[in-house]
Amino acid sequence: MHHLNAPLAEGCRLRGVLPAPGAVRIAIHAGDDETGMTFLHETPNDTVAPAYLPGILRTVLAGTRIHGSSDVSDAMGMTLIRLRPEEITWDPEPEQGQALTVLRALTDPGDDENPFLIGFLMHGNSLLRLYVRRPGRSGVIGADIRLTDTPTALIASLPALIEEDGRHQPAADDPHCDPLVDLTDRQGCTSRTAPSSVRIPDHGPSASGPRV
């Protein structure tokens with residue numbers, strides 16, 4: 001839902017997510033409010049994990065035409081385009097979107113008095129520094145992660161990883177934390193092709209519905 005606050009692609013914003021028989025339709029407004037147009041992009045259910053949908057839409061919105069005239073119709077005064085996700089190479093999430101996903105995953109709305117995550121800094125080359133506190137202990141720890149293809153397992157294990165003294169090093173150039181933990185070596189790469197849902201590792205929520 002954070003895509004309501006930022007464009008999916010240049011000049012293109014999310015306007016809605018609509019249920020359809022055997023499919024989901026994502027409303028995208030292209031252009032300004034007065035002269036722009038709203039398009040519905042239809043994706044069959046259970047063909048792609050929800051986490052891949054924003055990347056698929058970014059590819060389509062960039063101008064890549066992966067549909068024929070028979071895939072285009074009209075609904076509610078909007079142009080309806082039926083997509084074939086298995087034929088589309090998804091465009092990776094921009095750094096800002098990746099950072100937001102990480103920050104949301106580490107934020108517990110019910111723990112305002114003793115938050116784990118208390119700050120962050122994006123400092124180039126897809127690097128994100130997280131400033132965290134351990135429950136019942138003083139001081140702030142900095143943890144560097146690489147945003148590119150950040151695995152869910154790394155985020156889930158972050159509280160345990162920062163406890164490993166062997167990873168601690170002085171934060172010589174950062175007065176906002178001490179110590180500093182480098183976790184950029186714990187991350188791998190994933191394929192950019194989004195195949196059918198049977199073979200896709202879901203990096204996001206359950207495939208029960210879209211979350212864009």
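One-based numbering along the sequence shown.
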Engineer: Would you compute the distance between atom OG1 of Thr101 and atom CG of Leu106 and round it to the nearest 0.5 angstrom?
Structural biologist: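 If I round to the nearest 0.5 Å, the distance is 11.0 Å.
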
Engineer: Using the rule that Ile, Leu, Val, Met, Phe, Trp and Tyr join whenever any side-chain heavy atoms are under 4.5 Å apart, tell me whether Phe120 and Leu127 fall into a single cluster.
Structural biologist: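 Not linked; separate clusters.
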
Engineer: With rounding to the nearest 0.5 Å, note down the distance linking CD in Glu42 to CD1 in Ile81.
Structural biologist: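 Output value for this atom pair is 11.0 Å.
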
Engineer: Atom NE2 of His41 and atom CD1 of Ile56: how far apart are they, to the nearest 0.5 Å?
Structural biologist: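 His41 NE2 to Ile56 CD1: 11.5 Å, rounded to 0.5 Å.
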
Engineer: Within a strict 4.5 Å, meaning less than it, do heavy atoms of the Thr43 and Tyr52 side chains meet?
Structural biologist: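 Of all side-chain heavy-atom pairs linking Tyr52 with Thr43, none is under 4.5 Å.
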
Engineer: Measuring from Thr59:OG1 to Glu87:CD, what's the distance to the nearest 0.5 Å?
Structural biologist: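 The OG1 atom of Thr59 sits 13.0 Å away from the CD atom of Glu87.
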
Engineer: Taking Leu158 as the fixed residue, which of Leu117, Val181, Leu130, Val102 is the one that meets the side chain to side chain contact (heavy atoms under 4.5 Å, CB included) rule?
Structural biologist: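 Output: one option passes, namely Leu130.
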
Engineer: I'd like to know whether NE2 of His176 has more than 12 heavy-atom contacts from other residues, nucleotides or ligands below 6.0 angstrom.
Structural biologist: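 Atom NE2 in His176 is not packed in, count stays at 12 or less.
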
Engineer: Looking at every heavy atom in both Asp185 and Asp182, which two are closest together, and how far apart are they?
Structural biologist: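 That closest heavy-atom pairing would be OD1-O, 3.7 Å.
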
Engineer: Roughly how far, to the nearest 0.5 Å, is CE of Met37 from NE2 of His29?
Structural biologist: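 It comes to 9.5 Å.
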
Engineer: Is Met78 reachable from Val60 through a run of hydrophobic residues whose side-chain heavy atoms are each under 4.5 Å from the next?
Structural biologist: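 Unlinked, Val60 and Met78 end up in two clusters.
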
Engineer: Do Arg167 and Asp144 sit within salt-bridge range, that is, some charged N less than 4.0 Å from a carboxylate O?
Structural biologist: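 No salt bridge links Arg167 with Asp144.
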
Engineer: Specify the closest pair of heavy atoms between Leu180 and Ala171, including all atoms of both residues, with the distance to one decimal.
Structural biologist: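 Residues Leu180 and Ala171, closest heavy atoms: CB-CB, 3.9 Å.
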
Engineer: Is there a continuous path of hydrophobic side-chain contacts, each under 4.5 Å between heavy atoms, that joins Ile155 to Ile141?
Structural biologist: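 Cluster IDs for Ile155 and Ile141 match.
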
Engineer: Does Phe39 share a hydrophobic cluster with Ile88, counting links as ILVMFWY side-chain heavy atoms below 4.5 Å and allowing steps through other members?
Structural biologist: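 Yes, because Phe39 and Ile88 connect within a single hydrophobic cluster, where side-chain heavy atoms sit under 4.5 Å apart.
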
Engineer: Before giving the answer on side-chain contact (heavy atoms from CB on, under 4.5 Å), spell out for Met76 and Arg25 the whole-Å C-alpha distance, their side-chain angles and the decisive distance to 0.1 Å.
Structural biologist: CA-CA 12 Å; Met76 299 174 62; Arg25 293 173 177 174; over 6 Å; no

Engineer: Let me see the working for Ile145 and Thr184 under side-chain contact (heavy atoms from CB on, under 4.5 Å), right down to the final yes or no.
Structural biologist: CA-CA 5 Å; Ile145 66 172; Thr184 58; 5.5 Å; no

Engineer: Quick one: do Leu40 and Leu61 end up in the same hydrophobic cluster if we chain Ile, Leu, Val, Met, Phe, Trp and Tyr together by side-chain heavy atoms under 4.5 Å apart?
Structural biologist: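 No, separate clusters.
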
Engineer: Less than 3.5 Å apart, any donor N or O on the side chain of Ser73 or Arg82 sitting next to an acceptor on the other?
Structural biologist: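 There is such a pair (donor and acceptor under 3.5 Å, judged by atom type) between the side chains of Ser73 and Arg82.
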
Engineer: For the atom pair CZ (Arg58) and SG (Cys12), what is the distance rounded to the nearest 0.5 Å?
Structural biologist: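 Going from the CZ atom of Arg58 to the SG atom of Cys12 covers 12.0 Å.
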
Engineer: Would you mind reporting whether Gln98 and Leu128 have side-chain heavy atoms less than 4.5 Å apart?
Structural biologist: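 Side chain of Leu128 against side chain of Gln98, heavy atoms only: no contact under 4.5 Å found.
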
Engineer: Minimum heavy-atom separation for Gly142 and Cys177, please, with both atom names.
Structural biologist: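 That would be N-CB, 3.6 Å.
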
Engineer: Between Arg146 (side chain) and Asn125 (backbone), is there a donor-acceptor pair under 3.5 Å?
Structural biologist: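 Present.
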
Engineer: For the side chain of His168 and the backbone of Asp178, is there at least one donor-acceptor N/O pair under 3.5 Å apart?
Structural biologist: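 Answer holds: no.
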
Engineer: Would you call Ile162 and Val132 a side-chain contact if the rule is heavy atoms closer than 4.5 Å?
Structural biologist: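 Side-chain contact under 4.5 Å: yes.
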
